[in-house]
Visitor: 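Here it is: the structure, laid out below.
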Protein chains: 2
Amino acid sequence: MDSAVRFLWEHDFRDLTIGELMGDTPLSRPAFYQYFKDLHGLIEALLSEVGAVMHQTAHPWINGEGEPIAALRESLKGVVQTCVHHGPVFRAVSEAAPLDERLEQTWSEFMGLWDDQVESRIKAQQREGLISKSLPARRIANALNSLDATLLIAEFGRRPQGDPKAVLDTLHHVWVATLYSQPPRKLRTSN
Amino acid sequence: MDSAVRFLWEHDFRDLTIGELMGDTPLSRPAFYQYFKDLHGLIEALLSEVGAVMHQTAHPWINGEGEPIAALRESLKGVVQTCVHHGPVFRAVSEAAPLDERLEQTWSEFMGLWDDQVESRIKAQQREGLISKSLPARRIANALNSLDATLLIAEFGRRPQGDPKAVLDTLHHVWVATLYSQPPRKLRTSN
DNA sequence: TACCATAATGACACGATGTCAGTACCTTCA
DNA sequence: TGAAGGTACTGACATCGTGTCATTATGGTA
């Protein structure tokens, strides 16, 4: 299982085979099935380990602690950091999910949990008048979370990894603009 | 090849097998290799058909025709519409890409093309003073395009499809806010 | 030492892939 | 008409990864 993580840092998920994996251990291939149902079972286990870590790091904004825009930056920073450390695992999950009914379910529950949390934060701040009440909280939450997942996996899911600072800035800008900015008036074109 | 599209509307990509596919045709399994290198080759062919259509539909904003915010909505509408019609194909591409070096390349070139176009539109409008010059054009373009892809595939990649109007509104809001809105002042919390 | 549960293995059957040598078919031209 | 030659197609095969046996080691317990 450590061996799997090691593998994913070096190779793509598509090259991950049970035989190859167990070659790195003193055990034989069938021994694998002692511990996991199949490859997807392994990935599922990896997700539940690393996924928990990630949720911790996002507390500030999720729980509405302090000034929202700064708190949001803190939360995003934590999420980025988690991906810097465990990017390949998330990448493997997202790539393996479409191949397995069960894993797909698990992955979508994981993302759904984020949607739940972000949605309820948005609704809370709509009540406080910080966010426009005309935003469809659930859809926006889902969009922003999907964006995070896609971008983070693309940037940190394999070596060489992207620049954490730049990615954080980008995500933060999109989140803040989407949630907290006033709609602009119509724009004049220069045609 | 029509048969493949038909299949993808009904089943998941993971269940698509060459044998199954050719069962729908009067031909035998090996005949498949007459036309495509392998499954991924087929998917690649599907993408280049449908991808071209999609680029057409995004012209207004990409080419800076008319008032930007309205043009952007037109372009996004076209893209949404394409996905309503061909969603499962894009889904198959995105799911198959991680499994094949070549296809992954093709897919990332396809997305890169969008990034190029959006980036240069952003830069043009930065010169016109419509968009803040402090935005990193390339990164923002990439983020917004990634968002589109993820959301559209999730909403229209399989039956039952989502609500095109609602998805369009969501995307449009995020794009407009990200590109055209002024950053808000610091927010007071109600703690 | 005898016993049992658990861990681990070698050998197997299966399913999907991709290839190849061979056959059917169809056009062209004498 | 009928031989030649190219193309479309096929049956059979080798390969590879998977998942499951029946069986054997191993380590703790009385």
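Here the structure is a predicted model, which means the values were calculated and not measured. In what follows, chains are A, B, ... by sequence order, proteins preceding strands, each numbered from 1.
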Visitor: Are a donor atom and an acceptor atom from the side chains of A:Q105 and A:E101 found within less than 3.5 Å of each other?
Guide: no
Visitor: Would you mind listing every salt bridge (charged side-chain N to carboxylate O under 4.0 Å, His left out) that reaches into residues 49-60 of chain B, with sequence neighbours excluded?
Guide: none
Visitor: Taking only residues two or more places apart in sequence, or in another chain, which ones meet A:H59 in a ring pair (Phe, Tyr, Trp, His ring centres under 6.0 Å)?
Guide: none
Visitor: Show which side-chain atoms of residues 26-34 of chain A pair as donor or acceptor with protein atoms under 3.5 Å away, not counting sequence neighbours.
Guide:
none

Visitor: Note down the inter-axis angle between the two ends of the helix from C:dT1-D:dA30 to C:dA30-D:dT1, five pairs each, to the nearest 10°.
Guide: 10°
Visitor: If you look only at pairs with a residue in residues 11-23 of chain A, which of them pass as a side-chain hydrogen bond (donor to acceptor under 3.5 Å, both in side chains), with sequence neighbours excluded?
Guide: A:D12-A:R14, A:D12-A:R91, A:R14-B:E104
Visitor: Give me the distances for all protein-to-nucleotides 22-27 of chain C N/O pairs that come in under 3.5 Å?
Guide:
none

Visitor: Considering only nitrogen or oxygen atoms on both sides, find all protein atoms under 3.5 Å from nucleotides 6-9 of chain C and state each distance.
Guide:
unit_1 : atom_1 : unit_2 : atom_2 : d
C:dA8  : OP2    : A:Y35  : OH     : 2.3
C:dA8  : N7     : A:Q34  : OE1    : 3.4
C:dT9  : OP2    : A:S28  : N      : 2.6
C:dT9  : OP2    : A:S28  : OG     : 2.6
C:dT9  : O5'    : A:S28  : OG     : 3.1

Visitor: Is the shortest heavy-atom distance from the side chain of A:L39 to the side chain of A:L42 under 4.5 Å?
Guide: yes
Visitor: Can you sort out the partners of A:K133 under salt bridge (Lys or Arg N to Asp or Glu O under 4.0 Å), two or more places apart, ordered by chain and number?
Guide: none
Visitor: Using the side-chain contact (heavy atoms from CB on, under 4.5 Å) criterion, which residues pair with A:A137? Sequence neighbours excluded.
Guide: A:E119, A:I122, A:K123, A:Q126
Visitor: Show me the donor-acceptor pairs within less than 3.5 Å that the side chains of residues 79-86 of chain A make with the rest of the protein, sequence neighbours left out.
Guide:
unit_1 : atom_1 : unit_2 : atom_2 : d
A:T82  : OG1    : A:G78  : O      : 2.9

Visitor: Considering only heavy atoms, which members of residues 6-18 of chain B lie under 4.0 Å from some atom of DNA chain C?
Guide: B:T17, B:I18
Visitor: Give a yes or no on whether a salt bridge exists between A:D169 and A:R73, defined as a side-chain N under 4.0 angstrom from a carboxylate O.
Guide: yes
Visitor: Suppose we screen for side-chain hydrogen bond (donor to acceptor under 3.5 Å, both in side chains). Which residues come up paired with B:S181, at least two apart in sequence or across chains?
Guide: A:S181
